[in-house]
Each structure stands twice: as structure tokens, then as C-alpha cells.
Amino acid sequence: MPADDEDRHSERRVRSVPDLDAVREANRARILACIREAGIIARIEISNLTGISPATVSVITGKLLEDGLIEHSEGHGDDLSVARGRPKSFLKLNPHAAYAVGIKLGVQRVFISLTNFLGEVVISRARKVALRRISPQVLARLCADEINAVLGETGTPRSRLAGVGVGCPGLVDHRQGVIQWSPIFEDQFIPFRNIMEEMTGLRVVVDNDVNLVGLAEQCFGLGRNLPDFVVVTVEAGVGMAIVLDGKLRRGQDGFAAELGHMKIRPDGQLCRCGQRGCLEAYVADYAIAREAATFFAATDLGDDAAIDSTIDRLSIAADSGDETAREIFIRAGTMLGIGIGNVAKLLNPPVVFLSGERTRSAAVFFEAMERSLTAQAILPGIGVPRLEIHRWGDELWARGAAALVLETFASERLAGGESVIPPQAAE
Ligand SMILES: [Zn+2]
């Protein structure tokens with residue numbers, strides 16, 4: 001064997017050993033995702049859909065059954081195996097296998113939900129609290145109390161919780177669980193995962209809030225069968241989530257998709273991040289409210305509730321034909337269209353889901369956005385993503401937090417040979 005062939009051969013051998021566990025773990029995750037997506041499915045269909053061999057599907061689903069993550073189901077009744085006289089072997093997720101708590105941190109409130117293994121919301125509640133006025137430790141205490149309350153109200157044993165998913169706007173280092181910078185906190189570099197884990201004794205995962213929206217769309221929403229799509233949210237800030245080849249993309253440090261802080265104008269408007277010319281400084285709530293303050297001369301933008309009501313009043317004025325109000329929304333919509341146009345040129349997604357409070361804005365906002373996006377196409381109609389407004393409340397978001405927790409911790413524990421819950425506790 002020539003020396004370079006030998007090198008390649010030994011390199012392959014060295015690599016193949018640690019890869020086995022990763023392949024097994026990836027296959028488990030794919031099979032779980034496949035069952036989640038299908039609802040009820042036969043083993044052979046899992047093999048057909050995932051491309052994993054029937055023998056491997058059989059081994060992995062056997063372990064998933066043993067761990068109580070999936071269960072047998074009566075199935076559809078028209079399966080070939082029934083015609084051939086073999087026993088039915090349909091599978092579905094066990095809704096009680098594990099539960100997840102989702103926590104969304106907002107400027108003025110904390111939203112908490114409990115979801116089951118199917119991602120169905122069992123209970124949800126919101127607490128009004130001004131996050132800027134309390135320390136991360138006080139916030140963690142409040143979250144811990146709320147977790148106890150939702151478990152108590154539903155009679156869910158603590159041992160059934162796979163973990164807690166926390167969504168926060170801003171720069172969140174998902175791997176380290178650190179909120180590096182967020183417009184809703186005074187402090188920076190908050191190790192919120194550790195603070196929450198110490199306070200609750202539960203496994204906690206922290207992510208950018210819009211990434212959770214992306215996961216929700218992918219697992220339960222409009223992105224279910226789409227390998228590539230983008231979510232853009234506009235409210236207190238401008239957020240984005242990118243799903244490519246069926247995977248949420250966070251980048252090396254978890255700071256990818258910071259659409260709101262992409263520069264749109266050199267030395268432009270001042271942004272909350274401290275820099276100038278960010279897209280957010282023209283489109284987010286505070287930017288529109290800043291413009292509106294000159295429109296409503298005596299407006300006080302002292303708090304977030306005042307910003308909300310100012311934008312609502314401005315939207316009504318624009319929809320009623322007031323030229324100044326229309327211009328404010330047209331400018332913001334045009335800027336957002338430019339931002340999304342740049343994203344389209346980078347990623348060429350087939351669809352962009354628009355979400356967040358600003359999807360309730362004046363009609364001219366959307367008209368201007370579409371116009372500006374379409375005008376950027378180099379060839380008419382080519383490379384322009386479809387814009388879909390997807391208004392949804394906290395519920396779908398909570399399901400994204402659940403998907404993050406259940407997939408993170410379920411696959412982690414299975415890889416280590418440990419079940420999410422003791423088999424005797426499964427129903
Ligand atoms: Zn910025």
C-alpha cells in the first residue's frame with residue numbers, strides 16, 4: 001500500500017471509533033423526530049423515511065420502548081403487515097414519558113408553560129415583572145416558584161421533568177448557558193443556566209428566544225416539512241432564526257442570525273446595542289416609537305407599556321391615511337425589506353415567516369417591506385422568498401422551548417444509557 005494510501009487508511013480507522021456513538025445518537029434523534037412528526041408510524045415506514053436500515057430501526061425502537069419514550073399503538077389498520085397476518089407494530093411517542101418547562105423572558109413579563117413529551121401545552125401562566133429592576137438571582141427565584149406552582153397545579157412529579165428551557169432576547173451563548181447581552185437586563189455575561197440550575201436542581205437550557213420560535217415552527221408549526229426556512233420577529237427588537245438542511249443554525253458562539261444588529265446605514269441611528277446604523281434602530285418598537293414621539297408631541301416613552309400604546313396609536317393614524325404616520329411605517333418597512341433581501345441573497349430560503357407584535361402594524365408597513373424586498377431581486381421574481389405572516393401567541397413558543405429541552409436531554413440521557421424516567425414510572 002503506498003504511504004499516502006496507508007495514511008488515509010489509518011486516518012479512517014482512527015476516526016471510525018469515536019464516530020460510532022455519534023452515529024448511534026444521531027440515529028436515535030432522527031427516529032424520535034420521525035415518530036414525533038408522523039404521530040403514529042410503522043417501523044418499516046421509519047426506515048423508509050429516514051434511510052436507516054430496518055435492523056437498526058428495530059434495535060433503536062426496542063431501546064426507546066424499554067425506556068418508555070415510545071409505546072405501541074393500534075395503528076391505521078391498513079398496514080401490509082396486517083394483511084400478511086403478522087402482528088401490528090405501530091409506534092407513537094409516550095406523552096407522559098417526560099415533561100418540559102418553557103420560560104420566556106420578556107421586557108415586562110415572564111411566561112411559563114409545562115408541556116408533555118408530544119409538545120402539548122398542559123398549563124401556562126404569565127407573571128408581570130419588570131426584569132430590568134430585579135437581579136438575575138431574584139428572577140431565578142421567581143422562576144423556581146412558578147415551576148413549583150405549575151407542577152403542583154397539574155400534579156406532575158418533579159422526577160418527570162426532563163428540564164427547563166429558557167428563551168431570552170439578545171446574545172445568548174447556548175452552549176455555555178450565558179446571556180452575554182440582552183436588552184431586557186442591565187447586567188451582561190449572566191450565567192443564567194448555572195444560576196437556574198443551582199436554584200431549582202433541574203437541568204436547564206438557555207437559548208435566544210427567536211431560536212425557540214424557529215424550533216417551534218420546525219417541530220410543530222409551518223416549517224414541519226421544510227428543510228430550509230427563516231423566521232424573522234419584530235417587536236422590542238428584530239430577531240431571526242435560521243433552519244438549513246433541517247437544522248437550527250446558531251453559529252460558532254450562538255450569535256448567528258443577529259439580523260437586528262446587521263448594519264443598514266453607516267453612522268446611522270443609535271441602536272440599543274450601543275452601535276449605530278443597525279437594522280433594529282429603524283424597525284424595532286423603540287425606533288418606531290422614537291419617531292412617533294415627534295408625531296404625538298407630548299408623548300412620554302418612559303416605559304414599555306407607553307411604547308406599545310404609542311405604536312398602536314400611530315398604526316391607527318397610518319391606517320386612517322395620515323401621511324406622517326404612513327411615512328414612519330413605510331420607512332421602517334422599507335428598511336426591514338432591505339434586511340430580509342440581504343438574508344435572501346445569503347441563504348436563498350424559500351420562505352420567511354414573520355412573527356412578533358409588529359405583525360399587527362399598519363398595512364403600509366408590510367406593503368413597503370414587500371416592495372423593497374421584490375425590488376432587490378437581480379432577476380424579477382428569482383431568489384425572492386415568500387413572506388408569510390404567522391401570528392401566534394405564547395403557546396407555540398412554549399412548544400419550541402419544550403422541543404429544545406426534550407430533544408437535548410432525551411438524546412443526551414439515552415446516549416448515556418440512562419432513561420429519561422425510570423421505566424416503572426411510565427404509564
Ligand atoms: Zn445594534
Side-chain angles (χ1 to χ4, degrees), residues 104-108 130-136 139 166-193 206-214 230-242 249-293 301-304 306-308 310-311 328 331-343 346-347 354-358 361 369:
K104 185 187 184 191
L105 305 178
V107 184
Q108 298 177 77
L131 259 63
R132 284 198 193 95
R133 299 200 186 121
I134 60 173
S135 70
L139 173 64
V166 180
C168 179
L171 301 179
V172 180
D173 183 338
H174 166 70
R175 278 182 302 189
Q176 303 296 323
V178 175
I179 299 168
Q180 306 275 19
W181 171 84
S182 172
I184 64 175
F185 287 109
E186 287 289 342
D187 297 350
Q188 295 176 357
F189 311 111
I190 303 168
F192 200 63
R193 183 182 68 198
V206 182
D207 206 340
N208 172 275
D209 58 349
V210 187
N211 279 344
L212 298 188
V213 177
V230 162
V231 173
V232 171
T233 60
V234 187
E235 42 194 17
V238 175
M240 181 174 164
I242 300 171
R249 305 291 172 174
R250 295 184 176 90
Q252 178 175 283
D253 302 312
F255 306 155
E258 278 301 326
L259 176 65
H261 302 285
M262 277 172 66
K263 302 296 174 276
I264 207 101
R265 184 162 284 179
D267 299 321
Q269 298 264 36
L270 184 63
C271 177
R272 288 182 308 177
C273 72
Q275 299 191 356
R276 285 191 175 274
C278 299
L279 176 63
E280 203 172 282
Y282 295 89
V283 180
D285 284 0
Y286 70 91
I288 294 180
R290 191 162 55 191
E291 301 260 328
L301 296 177
D303 63 28
D304 298 294
I307 288 179
D308 272 357
T310 302
I311 296 177
I328 293 172
R331 184 158 103 121
T334 303
M335 289 297 197
L336 185 58
I338 291 172
I340 294 175
N342 287 336
V343 169
L346 275 179
L347 304 174
L354 279 174
S355 198
E357 280 299 308
R358 236 13 72 220
S361 282
M369 180 172 51

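Keep in mind that this is a model prediction, so the values were computed, not measured. Throughout, residue positions are numbered sequentially from 1 according to the sequence presented.
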Which residues share a salt bridge (Lys or Arg N to Asp or Glu O under 4.0 Å) with D207, sequence neighbours left out =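 Once residues adjacent in sequence are excluded, the partners of D207 under the salt bridge (Lys or Arg N to Asp or Glu O under 4.0 Å) criterion are R250.
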[X] side chain to [Y] backbone, donor-acceptor under 3.5 Å:
X	Y	answer
N208	V210	yes
R331	Y282	no
H174	V206	yes

Side chain to side chain, [X] and [Y], heavy atoms closer than 4.5 Å:
X	Y	value
L105	D209	no
L354	M369	yes
L131	V107	no
E291	Q269	yes
P169	F185	no
V343	V232	no

Contact summary for [X] and [Y], nearest pair of heavy atoms:
X	Y	result
G251	A256	N-CB, 3.7 Å
L259	G339	CD1-O, 3.9 Å
P191	V178	CA-CG2, 4.0 Å
A236	D285	N-OD2, 3.7 Å
C278	C273	SG-SG, 3.8 Å
C168	I179	SG-CD1, 3.8 Å

Please work out which of the three classes, parallel, tilted or perpendicular, describes the rings of W181 and H261, given edges at 30° and 60°.
->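 Perpendicular: the ring planes of H261 and W181 meet at over 60°.
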To the nearest 0.5 Å, how far apart are [atom1] in [X] and [atom2] in [Y]?
X	Y	atom1	atom2	answer
I340	L279	CD1	CG	8.5 Å
I328	I288	CD1	CD1	8.5 Å
I184	Q108	CD1	CD	11.0 Å
L346	M262	CG	CE	6.5 Å
D173	Q252	CG	CD	10.0 Å
N342	I264	CG	CD1	6.0 Å

Pairwise salt bridge (charged side-chain N to carboxylate O under 4.0 Å, His left out) hits with a residue in residues 255-276, at least two apart |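 Residue pairs with at least one partner in residues 255-276: R272-E280.
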